[in-house]
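Everything numeric in this text was worked out from a predicted model, so none of it was measured.
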Amino acid sequence: MQRARLSAAGAAVLALAVLLSACSSKPVDKTAGWSPNRIHAEAKDELKSGAYDKAIPLYEKLEGRAAGTPLAQQAQLDKAYAQFRDGQRAEALATLDRFMRLHPASPALDYALYMKGVINFNDNLGLFSFLSRQDLSERDQKAAKEAFESFNELVTRFPDSRYAPDARARMRYTVNALAQYEVHVARYYYTRGAYVAAVSRAQQALADYRDAPALEEALYILTQSYDKLGMTELRDDARRVLDQNYPNSVYLARGLRGRDKPWWQLW
């Protein structure tokens, strides 16, 4: 009996030791005694030095410590920027969406819209996907379209914002890139003999994007596709529009050969 009691006592001591060990291994919060201003200063330093992975948790701490204050709002925006620079695109967009949902009247709403647009604008997989060899018809331009929507909301709601001029420039580029993408897909189908699909994508570019440089090629592909399909009246209509808008079209002279300029020189 005495031995059993000793064993029980030993087990209790062992359990206590394990518990204490677990407690001692818990990470220590070095910011526990810090003021919100100090956390903000430390996070800012980490951000400036490029230590985004260290800045992000500090901004998260600051959101909680300074809840309900302009400093907490700024912490959310700075966290989104740090996440973006750290390669956490989805997390940054979620942070910005949360900010706009919680603070719809914030004076920094224009910046949040601008940042959301920039993050999607810089999503290379979306905007510049046709550089790779993957089937162009399977690509999604969602990021580029969402970038345009954010920039458009920014310039519509805040036309005098300091971010509006750059947003407008990015909108023009995005429209040109989206039109160029549609034409790339139309050309892809045309060169493979899928003329109905080529007509559909060329028409899509012409319907959705006005004054984009890529529309010259879209009209040419439309003309040629109708010709291949034996739809002579539609071919002649498309050719007439091409002649009216691009009387010196290089495509009429040389066909669908590569351009002299790189693809990104869209104007």
Cationic N near anionic O, under 4.0 Å, Asp227 to Arg239: no
May I ask you to test the Lys145-Asn120 pair for a side-chain heavy-atom distance under 4.5 Å? no
Beyond-backbone contact of His103 with Leu109, side-chain heavy atoms, under 4.5 angstrom: no
Report yes or no: do Leu256 and Leu219 belong to one cluster of Ile/Leu/Val/Met/Phe/Trp/Tyr joined by side chain heavy-atom distances under 4.5 Å? yes
Other residues, nucleotides and ligands only: do more than 12 of their heavy atoms fall within 6.0 Å of CD on Gln244? yes
Value rounded to 0.5 Å, distance of CD in Gln141 from CD in Glu182: 7.5 Å
Before giving the answer on salt bridge (Lys or Arg N to Asp or Glu O under 4.0 Å), spell out for Asp97 and Arg101 the whole-Å C-alpha distance, their side-chain angles and the decisive distance to 0.1 Å. CA-CA 6 Å; Asp97 284 338; Arg101 186 175 64 254; over 6 Å; no
Would you say Gln74 and Asp78 are linked by a side-chain donor-acceptor pair, where the criterion is simply a distance under 3.5 Å? yes
With sequence neighbours left out, what residues match Tyr111 under ring pair (Phe, Tyr, Trp, His ring centres under 6.0 Å)? Tyr163
Side-chain touch Tyr190/Tyr195, heavy atoms, less than 4.5 angstrom: yes
Nearest heavy-atom neighbours spanning Ala164 and Pro159: CB-O, 3.6 Å
Within 6.0 angstrom of Asp53 CG, more than 12 heavy atoms from elsewhere: yes
Membership question, hydrophobic clusters at under 4.5 Å side-chain separation (ILVMFWY): are Phe99 and Phe158 in the same one? yes
Salt-bridge test for Asp237 and Arg240: reply yes if a basic N is under 4.0 Å from a carboxylate O, no otherwise. yes
Heavy-atom pair with the smallest gap, counting every atom of Ser161 and Asp110: OG-OD2, 2.7 Å
Out of curiosity, Met231 CE to Asp236 CG, how far, rounded to the nearest 0.5 Å? 12.0 Å
Can you confirm whether Leu234 sits close enough to Thr223 that some side-chain heavy atom of one is under 4.5 Å from a side-chain heavy atom of the other? no
Is any side-chain heavy atom of Thr31 closer than 4.5 Å to one of Leu62? no
For the residue pair Ala198 and Ser225, what are the closest heavy atoms and their distance? CB-OG, 3.5 Å
What are the two closest non-hydrogen atoms of Ala167 and Val155, and how far apart are they? CB-CG1, 3.9 Å
So which heavy atom on Ala92 is nearest to which on Gln83, and how close? CA-OE1, 3.3 Å
Under 4.0 Å between a side-chain nitrogen and a carboxylate oxygen: does that hold for Glu42 and Lys61? no
Give, for atom NZ of Lys54 and atom CD1 of Ile56, the distance between the pair rounded to the nearest 0.5 Å. 12.5 Å
Report yes or no: do Gln76 and Thr95 form a side-chain donor-acceptor pair below 3.5 Å? no
Does some side-chain heavy atom of Phe84 sit less than 4.5 Å from a side-chain heavy atom of Met115? yes
Common cluster, Val250/Leu242, ILVMFWY with side-chain heavy-atom separation under 4.5 Å: yes
Strictly by ring-ring contact (aromatic ring centres under 6.0 Å, His included), give each pair with a member in residues 42-81 just once, sequence neighbours left out. none
When you compare the side chain of Met100 with that of Lys116, does any pair of heavy atoms fall below 4.5 Å? yes
Give the intermediate values and the outcome of side chain to side chain donor-acceptor pair (under 3.5 Å) for residues Tyr209 and Asn176. CA-CA 8 Å; Tyr209 310 105; Asn176 287 336; over 6 Å; no
About how many Å separate CD of Glu216 and OH of Tyr246, when rounded to the nearest 0.5 Å? 6.0 Å
If you look at every heavy atom in Arg157 and Pro104, which pair is closest and at what distance? NH2-O, 4.3 Å
A side-chain contact here means heavy atoms from C-beta on lying under 4.5 Å apart; do Ile221 and Val199 qualify? no
